Amino acid sequence: MTVIRSRGVRRAAFTLIELLVVIAIIAILVSLSAAGVMRVLIKIPEIQTRTDMSEMDSALGSFMADYQLSDPPPSVLVLREDMSYPAGDPSGDFLRRAFGRNLTPPIDWNGDGTLNGPWVLEGEQCLVFYLGGIQSMASGTPQCLGFSTNSMNPAMAGGSRRGPYMQFQGSRLVQGPSGFFVYLDAWKSKTSPLFSTLGGSPYAYFSSSGQNNTGYLTNGMKDCQSIGALPYRDAGNNFAFSNKYQIISAGQNGQFGAGLWTPSAGAPDAAGRDDQANFSSRILGTGQQ
């Protein structure tokens, strides 16, 4: 009788070279995935900043409509709770034009319950003031309460109100050195010169006030001087977004540019190439072509 012996099937195995090839392929795929993830992560604050600017544009439009302002509100504003403005003072004239001709002191502009001040609000503080209204720290965290509809006192507590026109993200709404709120951009850059004191760079605001903004007051105070921001202009020194206003983010590096920008060439200085602004749909260093 013939005995048929079955032959064991030998299990296939990877050779060392095959294993190295597989490992290399996996490493390449992981690196490509990591690079893609990093690109997405970098884009998130850029997209959030663009969304913020769109919301601020809409909110500022609502503020102007409610207070029947034909020109953008100023980017430097002196607030006096005793309303002791000299005749022809631009801040006093603006406040009476916007909130009522019969404003009666004391007006608690900073919402702390005491008569104090005056304060000079630069652009970054003006922006939050217009969009948020009277501020409060009653809960221990920054809150915006809008404005009272009372024609003699827009800071009056309770009652019918206008605003706030924008819902600020709480972790990015912080008190500046004067006690008035600023709003940090979504980058919250650790390389910002203001990171140690504010936690990032606030959005800068420059108003044309219906003209070609010079960026200066008669007393030498510059809009957004405290945060080191400048309004963007073209090579002919013309205010970008003429007769309107500029909202500017310092971008990923947390540093504002030198203020020169043209649609075709973008921002030439290194600090400003990653800046974002409401008048440009792209990062300022990329140009618009």
Side-chain angles (χ1 to χ4, degrees), residues 42-61 63-64 71-76 122-128 130-131 165-166 168-169 172 182-189 191-194 198 200-216 222-289:
I42 290 173
K43 278 288 185 182
I44 289 174
E46 179 185 330
I47 293 169
Q48 180 61 62
T49 295
R50 180 66 54 206
T51 301
D52 285 349
M53 288 182 176
S54 177
E55 291 175 353
M56 287 187 280
D57 273 335
S58 177
L60 198 56
F63 172 82
M64 292 175 62
D71 295 326
S75 46
V76 176
E122 297 181 12
E124 69 277 11
Q125 299 159 325
C126 288
L127 181 63
V128 178
Y130 301 139
L131 303 188
Y165 297 94
M166 180 168 175
F168 296 101
Q169 188 179 108
R172 292 195 280 133
V182 298
Y183 194 47
L184 303 180
D185 66 25
W187 293 100
K188 298 187 72 173
S189 173
T191 59
S192 167
L194 301 162
L198 296 177
S201 295
Y203 284 104
Y205 169 69
F206 296 95
S207 171
S208 69
S209 297
Q211 305 171 15
N212 191 6
N213 190 328
T214 63
Y216 292 88
K222 188 187 298 183
D223 308 12
C224 298
Q225 178 176 336
S226 296
I227 61 174
L230 292 170
Y232 271 98
R233 300 169 179 277
D234 63 20
N237 205 35
N238 299 302
F239 185 75
F241 214 29
S242 179
N243 296 326
K244 296 189 179 179
Y245 55 86
Q246 299 178 12
I247 300 172
I248 304 170
S249 161
Q252 185 177 9
N253 67 3
Q255 300 178 48
F256 291 98
L260 180 61
W261 177 82
T262 57
S264 60
D269 65 294
R273 287 176 188 161
D274 66 345
D275 284 7
Q276 293 177 255
N278 66 318
F279 55 83
S280 171
S281 61
R282 299 170 63 184
I283 297 293
L284 294 192
T286 62
Q288 300 295 292
Q289 290 184 334

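Along the sequence shown, residues carry numbers from 1. Here the structure is a predicted model, which is why all the values come from computation and not from measurement.
Annotation: side chain to side chain donor-acceptor pair (under 3.5 Å) contacts of Ser226 (sequence neighbours excluded): Glu122. Listed by chain and residue number, Arg172 satisfy the salt bridge (Lys or Arg N to Asp or Glu O under 4.0 Å) test with Asp52 (two or more places apart in sequence, or in another chain). For Ala277, the side-chain contact (heavy atoms from CB on, under 4.5 Å) criterion is met by Ile248, Phe279, Leu284, not counting sequence neighbours.
A 4.5 Å side-chain heavy-atom check between Pro73 and Leu60 finds at least one atom pair inside the cut-off. Counting heavy atoms from C-beta on, the side chains of Met56 and Asn278 never come closer than 4.5 Å. At a threshold of 4.5 Å between non-hydrogen side-chain atoms, the residues Phe256 and Leu230 do not count as touching. With a 4.5 Å cut-off on side-chain heavy atoms, Thr191 and Ser189 count as touching. When side chains are defined from C-beta on, Tyr203 does not count as touching Val182, because their heavy atoms never get closer than 4.5 Å. The side-chain heavy atoms of Gln255 and Pro193, taken from C-beta on, include a pair separated by under 4.5 Å.
Nearest heavy-atom pair across Gly272 and Ala267 is O-CB, 3.7 Å. Shown here for Ser249 and Met53, the closest heavy-atom pair between the two residues is N-CE, 3.5 Å. Nearest heavy atom pair, residue Ala186 against residue Gln48, reads CB-CG, 3.5 Å. When all heavy atoms of Ser201 and Ser192 are compared, the closest pair comes out as OG-OG, 2.8 Å. Closest approach of Leu194 and Pro202 over heavy atoms only: CD1-CD, 3.7 Å.
Distance CD/Glu124 to CD1/Ile247: 13.0 Å, rounded to 0.5 Å. Distance NZ/Lys244 to CZ/Phe239: 11.5 Å, rounded to 0.5 Å. Rounding to the nearest 0.5 Å places CH2 of Trp187 at 4.5 Å from CD of Gln252. Between the CD atom in Glu55 and the CG atom in Leu131 there is a gap of 10.5 Å [rounded to 0.5 Å].
For the 3.5 Å distance criterion, the side chains of Asp275 and Tyr232 qualify, holding a donor opposite an acceptor. Neither side chain, Ser75 nor Ser207, offers a donor N or O lying under 3.5 Å from an acceptor on the other. Side chains of Tyr205 and Asp223: no donor on one and acceptor on the other come within 3.5 Å.
Under a 3.5 Å cut-off, the side chain of Thr51 and the backbone N or O of Ile47 do form a donor-acceptor pair. Side chain of Thr49 to backbone of Asp185: no donor-acceptor contact under 3.5 angstrom is found. A donor-acceptor distance shorter than 3.5 angstrom exists from the side chain of Tyr183 to the backbone of Gln169, with no hydrogens or angles considered. The main-chain N or O of Trp261 is never found under 3.5 Å from a side-chain atom of Arg233 such that the two would form a donor-acceptor pair. When atom types are taken as modelled, the side chain of Gln276 and the backbone of Glu46 share a donor-acceptor pair closer than 3.5 angstrom. Within the 3.5 Å criterion, the main-chain N or O of Tyr245 finds no donor-acceptor partner in the side chain of Ser208. Panel note: side chain Asp274, backbone Ile283; no donor-acceptor pair is recorded below 3.5 Å. Side chain of Asp269 to main chain of Ala258: a donor-acceptor pair is present (N/O by atom type, distance under 3.5 Å, no hydrogens or angles).
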